[in-house]
Amino acid sequence: MKILAIDTSTHVMGIALSQGDKLLAEYTTNFKKNHSLRLMPAIHQIMEEVGVSPAELDAVAVAKGPGSYTGVRIGVTTAKTMAWSLGIPVYGISSLQLQARNGKHFPGWICPFSDARRGQIYTGLYRFRDSLLREEEKDRIVLLEDWLSVLKEKNEPVLFLSQDWKKHELGIKGVLKEQAVFADFPDMQPRPGELLVLAGQMPAQEAHTLAPEYTQMAEAEKKWYAAKEGRAHE
Amino acid sequence: MLSNVVASQIQSHKRFGGVVPEIASRHHTENITLIMEQAMAEAEVTFSDLDGLAVTEGPGLVGALLIGVNAAKAAAFAHQLPLYPVHHIAGHIQAARLEREWKYPALALVVSGGHTELVLLHGEGEYEVIGRTRDDAAGEAYDKVARTLGLPYPGGPQVDKLAEEGTEDIALPIAWLEEDSYDFSFSGLKSAVMNTLHNAKQRGEQIEPANVAASFQASVIEVLVEKTKRAAENYQVRQVVLAGGVAANQGLRRAMEKAFTASDVELTIPPFTYCTDNAAMIGAAGHVQWLKGNTAGWELNGVPGLALY
Ligand SMILES: [Zn+2]
């Protein structure tokens with residue numbers, strides 16, 4: 001069983017390749033440069049180096065968001081098209097769940113998040129139970145302020161995993177005090193190899209059905225629905 | 001042409017009164033593999049029958065280009081097929097080869113919502129842009145006039161239809177620009193239409209919308225056809241092609257036919273389905289890239305402002 005994993009949902013570009021329970025290759029960069037340009041050359045290089053041809057793949061796994069709209073679409077489009085054209089299934093995995101995997105030895109709550117501007121974050125709440133990662137509070141977009149009061153009531157340590165942690169560190173510590181735990185810096189970014197673990201714990205899906213997880217409507221749609229609501233109340 | 005599948009998003013964007021880039025990208029991501037599958041099923045081919053994949057490199061909406069480019073790269077990589085990058089306008093122009101063989105030198109008038117260009121073809125896939133719009137594309141001006149007249153989106157075909165019922169009784173300006181220029185400008189004309197309607201409203205006068213449409217359309221067509229005719233003569237071309245979405249415009253088709261019937265120049269107007277944005281035209285232009293051996297590497301990227309090459 002050979003699986004190719006792709007994550008382009010943030011500035012981190014991650015690619016991993018597994019054969020059974022062996023990680024054949026894992027590649028990550030973390031800098032602001034075009035995923036659209038760099039993803040396929042990187043996949044090509046990795047697969048060539050370990051001597052795996054595309055035709056040998058059994059499945060493709062991808063981080064499907066939430067995250068950068070464009071980044072997520074590049075990963076999802078690449079993954080679903082490869083999978084569809086090869087006639088193999090695809091695993092669409094939450095980018096937050098992927099990030100949460102980095103808290104695998106943490107005994108408390110795990111809060112992956114990324115900044116969503118205007119005081120909002122994409123986040124969810126996870127926890128390892130019997131060494132399986134469980135989603136305890138669904139992925140969402142929420143005001144950080146509101147989210148922190150939810151976490152406060154959990155009354156247990158919360159591990160924060162995020163590339164945007166510095167931006168919100170003071171705000172989080174201000175509310176949660178010593179309840180807040182921040183991971184070491186390498187764990188603050190997602191590792192594509194973890195997608196392969198998660199793929200092994202979930203059902204695969206047909207390539208056509210894979211779509212990004214945006215967790216919110218596009219601006220134009222929000223406005224359109226708001227206008228429609230307004231008219232309905234007149 | 002074995003198959004040509006188009007998933008139009010017009011219905012979805014209608015509610016916003018125009019194309020919303022983010023929504024376009026979302027739809028493309030959802031539909032891309034379904035459309036590829038349908039096209040291959042209709043053509044009764046599998047990947048092992050293919051010799052390559054052609055994809056639009058640019059110009060266009062960056063988010064939309066990215067979906068096509070990345071899907072094409074993924075499928076080409078998966079099956080180790082060569083990738084042929086295509087310029088969107090080259091696609092519009094090469095739609096003509098689905099109809100007829102080229103006679104060089106040739107001239108193409110490309111008119112669409114995003115483009116108004118006069119392109120000289122010296123030989124196979126050798127393009128030279130000799131004229132372009134300096135402001136709005138013709139199709140863009142059509143859409144704006146349509147909106148001012150309260151016609152539904154997309155407005156171009158609506159203006160064309162309405163113009164059939166009207167008389168050209170409103171004096172509107174035509175921007176001929178410098179004497180030897182093949183460039184176009186439609187923003188002045190568009191403003192003149194809006195001013196005419198605004199002033200009439202101020203005076204409490206009624207203007208027949210059909211006459212506005214007819215007068216506007218006549219001005220656009222006159223400048224398009226005149227400049228095409230002049231370029232055709234100056235460059236001694238053997239063939240003229242009318243391409244792009246606005247080539248579906250009845251008034252423009254008639255005027256072009258009238259302008260070239262008496263001449264030795266062969267006029268080619270691809271059928272409507274190959275004029276509006278479609279993938280058959282990208283395949284046709286991809287064929288030219290294949291003839292010339294112009295392949296792309298895995299680093300191929302969408303280029304929103306790509307120049308015609
Ligand atoms: Zn076009």
Side-chain angles (χ1 to χ4, degrees), chain A residues 4 6 8 33-45 47-48 53-57 60 62 64-65 68-88 90 206-214 216-225 227-228, chain B residues 9 12-41 46-48 50 53 55 57-58 61-81 83 296-304:
Chain A
L4 175 71
I6 299 166
T8 54
K33 211 169 164 187
N34 208 314
H35 291 331
S36 170
L37 190 144
R38 295 173 56 242
L39 178 62
M40 198 49 79
I43 292 175
H44 168 71
Q45 191 203 330
M47 291 184 66
E48 198 172 63
S53 75
E56 289 175 67
L57 292 176
V60 182
V62 66
K64 64 173 182 180
S68 140
Y69 289 173
T70 301
V72 167
R73 280 195 285 266
I74 288 166
V76 165
T77 301
T78 301
K80 79 189 276 188
T81 310
M82 268 184 94
W84 162 74
S85 75
L86 290 167
I88 56 177
V90 68
E206 197 209 359
H208 291 318
T209 62
L210 178 65
E213 187 55 73
Y214 299 105
Q216 61 176 338
M217 279 185 277
E219 278 311 310
E221 270 178 315
K222 276 190 215 162
K223 281 186 195 141
W224 184 75
Y225 280 110
K228 216 170 97 173
Chain B
Q9 297 184 10
S12 172
H13 291 267
K14 233 176 188 168
R15 56 193 164 135
F16 309 119
V19 174
V20 179
E22 174 60 23
I23 307 277
S25 304
R26 288 186 178 202
H27 286 320
H28 283 328
T29 311
E30 281 161 32
N31 295 332
I32 187 74
T33 53
L34 283 166
I35 300 305
M36 287 168 87
E37 181 166 277
Q38 195 187 332
M40 288 176 72
T46 61
F47 276 99
S48 58
L50 298 185
L53 267 100
V55 65
E57 182 183 8
L61 296 171
V62 64
L65 291 170
L66 287 181
I67 306 307
V69 164
N70 283 284
K73 287 204 288 186
F77 174 75
H79 295 274
Q80 300 291 298
L81 291 166
L83 198 58
W298 299 126
E299 73 288 348
L300 179 68
N301 200 5
V303 184

Might you point out which heavy atoms bring A:Ser36 and B:Lys73 nearest each other, and give the distance in Å? O-NZ, 2.7 Å
Grab the two heavy atoms, one from A:Thr78 and one from B:Ala74, that are nearest each other, plus how far apart they are. O-CB, 3.5 Å
For B:Leu66 and A:Ile74, run side chain to side chain contact (heavy atoms under 4.5 Å, CB included): C-alpha distance rounded to whole Å, both residues' side-chain angles, the deciding distance at 0.1 Å, then the answer. CA-CA 7 Å; B:Leu66 287 181; A:Ile74 288 166; 4.1 Å; yes
I need the minimum non-hydrogen distance between A:Thr81 and B:Ala71, along with the two atoms involved. CG2-O, 3.2 Å
Between B:Gln80 and chain A, which part of the residue has a heavy atom less than 4.5 Å away: side chain, backbone, both or neither? side chain
Check the angle between the aromatic planes of B:Phe16 and A:Trp224 and answer parallel, tilted or perpendicular using the 30° and 60° thresholds. perpendicular
Counting only non-hydrogen atoms closer than 4.5 Å, does B:Phe77 touch chain A with its backbone (N, CA, C, O), its side chain (CB onward), both, or neither? both
Could you tell me which portion of B:Leu34 (side chain, backbone, both or neither) has an atom closer than 4.5 angstrom to a non-hydrogen atom of chain A? both
Using non-hydrogen atoms and a 4.5 Å limit, figure out which bit of B:Met36 sits close to chain A: side chain, backbone, both or neither. both
Does any backbone or side-chain atom of A:Glu221 lie under 4.5 Å from a heavy atom of chain B? Answer side chain, backbone, both or neither. both
Part of A:Met217 within contact of chain B (heavy atom distance under 4.5 Å): backbone
Tightest non-hydrogen contact, residues B:Arg26 and A:Arg73, listed as CG-NH1, 3.6 Å
Value for CD (B:Glu299) from CG (A:Asn34), rounded to nearest 0.5 Å, stands at 11.5 Å
Hey, could you give me the CG/CE distance between B:Asn70 and A:Met82, rounded to the nearest 0.5 Å? 12.0 Å
Between the NE2 atom in A:His35 and the CG atom in B:Asn301, the distance rounded to the nearest 0.5 Å is 12.0 Å
What residue in B:Thr46, B:Val20, B:Ile67, B:Val69 has the most heavy-atom pairs under 4.5 Å with chain A? B:Ile67
Contact winner vs chain B - A:Ser53, A:Ala55, A:Ala220, heavy-atom pairs under 4.5 Å: A:Ala220
In terms of heavy-atom contacts, A:Ser85 and B:Ala78 come closest through OG-CB, 3.4 Å
Contacts of type salt bridge (Lys or Arg N to Asp or Glu O under 4.0 Å), residue B:Glu30, not counting sequence neighbours: none
So, does A:Lys80 use its side chain to make a donor-acceptor pair with the main chain of B:Ile32 at under 3.5 Å? no
Where is the tightest heavy-atom contact between B:Arg15 and A:Tyr225, given as atom of each residue plus distance? NH1-OH, 4.4 Å
